[in-house]
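All ligand and atom numbering here is 1-based and tracks the order in the structure. Keep in mind that this is a model prediction, so the values were computed, not measured. For reference, positions follow the sequence shown, starting with 1.
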Amino acid sequence: MANNIETKKKKIVSGMRPTGKLHLGHYLGVIENWVKLQNEYDCYFFVADWHALTTKYDKTEDLRQNTLEVVLDWVSCGIDPNRSTIYVQSLIPETAELNIYLGMVTPQNWVERDPTLKDMVKILKTKEGTNSQISYGLMGYPVLMSADIMTFNASIVPVGKDQVAHLEITRDIARRFNHIYQTEFFNEPVPKLTQVPLLCGLDGNKMGKSLNNDIKISDDEQTTAKKIMQAITDPSRIRRDDLGHPDNCEVAFKYWQIFGDSDTIKIVESECKKGERGCADCKRQLGTVINERLAPIREKRHYYENHIEEIEQIIEAGTNKARVEAQKTLKEVRKIIKIY
Ligand code: TRP
Ligand code: SF4
């Protein structure tokens with residue numbers, strides 16, 4: 001009976017490129033969402049190391065460590081290896097095989113039209129000093145992503161807005177495959193957009209590690225508190241008793257709205273407006289609130305940092321489980337294609 005319920009759960013697949021230690025934007029924008037989805041769905045979360053190679057094929061020295069860091073952050077944030085399948089993309093050769101079949105049925109102009117891919121190409125070409133060769137592998141980005149998803153015949157893919165264009169191609173590929181081989185085997189997976197408001201960086205730009213405006217999940221309390229003190233506030237305030245405008249407090253008050261409870265937010269807002277709250281004190285208090293929220297996550301991370309072999313075991317077990325499913329799919333796909 002339990003098994004029955006298990007198989008009825010819809011499948012979710014989502015991945016993240018191994019960029020190293022994750023920041024609060026990842027946590028609130030993506031991981032927290034994944035954590036919630038674990039109850040309702042049969043989830044597959046993987047580190048997209050092949051996708052990292054599409055642009056950084058010549059910078060591989062940190063790949064293994066970055067992969068471990070990502071999984072460390074996931075598990076510390078509450079991705080539960082007993083409920084979700086956590087694996088590394090490159091350990092599932094079945095996805096590479098499916099990538100070949102899907103590549104055959106994907107018209108070249110579909111990938112050439114992909115606006116997100118076009119943006120990636122544009123950025124690569126303008127980056128000086130780097131190898132600006134656009135590889136065949138990069139052009140296959142959305143096809144490989146489709147293979148990730150279709151390896152498990154998932155129906156839902158939680159992603160950010162920027163990934164939706166790739167997923168449209170996935171649906172087109174699934175439909176085309178089904179049409180060409182006269183089957184209904186593949187689902188047409190739909191994106192599930194994150195509802196959480198985007199967390200901006202300390203300087204008001206998008207939070208990112210290259211901009212040096214991020215707070216890492218792995219940062220310690222002191223570092224976090226210090227970083228919060230750099231957060232942008234209402235620029236019109238000079239003295240402590242100047243009347244403040246929380247709406248113009250571009251970063252600090254936005255963080256309050258995300259991390260504070262509703263009563264505290266009201267107090268901050270009214271004290272700020274009346275000039276009864278200095279920005280430095282305000283941000284000191286904000287730092288404490290954020291640190292409290294992150295404390296249990298950091299404690300868990302600290303444990304796993306010192307037991308990295310447990311993270312490796314989680315990856316191994318997840319990969320084994322994922323491969324069993326992947327092999328089932330590929331067996332069926334080979335039969336549908338009628339390949340030897
Ligand atoms: N392209 C995604 C990103 O950069 C990562 C990714 C790779 C992915 N394969 C996927 C996400 C499959 C969802 C499903 O964020
Ligand atoms: Fe922002 Fe707080 Fe300063 Fe008001 S007091 S401007 S909310 S940092």
Give every pair formed by an N or O atom of ligand 1 and a protein N or O atom closer than 3.5 Å, one pair per line with both atom names and the distance to 0.1 Å, or write none.
from, atom 1, to, atom 2, distance (Å)
ligand 1, 1 (N), Tyr141, OH, 2.7
ligand 1, 1 (N), Gln163, OE1, 2.8
ligand 1, 4 (O), Arg17, NE, 3.1
ligand 1, 4 (O), Arg17, NH2, 3.1
ligand 1, 4 (O), Tyr141, OH, 3.2
ligand 1, 9 (N), Asp148, OD2, 2.7

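By the rule that hydrophobic residues join a cluster once side-chain heavy atoms approach within less than 4.5 Å of another member, Leu63 and Ile86 end up as members of separate clusters. Residues Tyr303 and Leu68 are members of one and the same hydrophobic cluster, defined by side-chain heavy-atom contacts under 4.5 angstrom among Ile, Leu, Val, Met, Phe, Trp and Tyr.
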| said: Applying ring-ring contact (aromatic ring centres under 6.0 Å, His included) to Tyr87 and Phe152, what does each step give before you reach the verdict? | reply: CA-CA 13 Å; Tyr87 69 96; Phe152 305 100; 5.6 Å; yes

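Between the side chains of Gln285 and Arg277, at least one donor N or O lies within less than 3.5 Å of an accepting N or O. Asp114 and His166 are linked by a side-chain donor-acceptor pair at a separation below 3.5 angstrom, with hydrogens and angles left out of the test. In this structure, a donor-acceptor pair under 3.5 Å is present between the side chains of Gln38 and Ser84.
Environment of CD in Gln327: crowded, with over 12 heavy atoms of neighbouring residues, nucleotides or ligands closer than 6.0 Å. Around the CD atom of Glu299, the shell of radius 6.0 Å holds no more than 12 heavy atoms that belong to other residues, nucleotides or ligands. Taking a 6.0 Å sphere around CD of Glu61, one finds it holds more than 12 heavy atoms contributed by other residues, nucleotides or ligands.
Here atom 3 (Fe) of ligand 2 has protein N, O or S atoms under 2.8 Å from it, and they come to 1.
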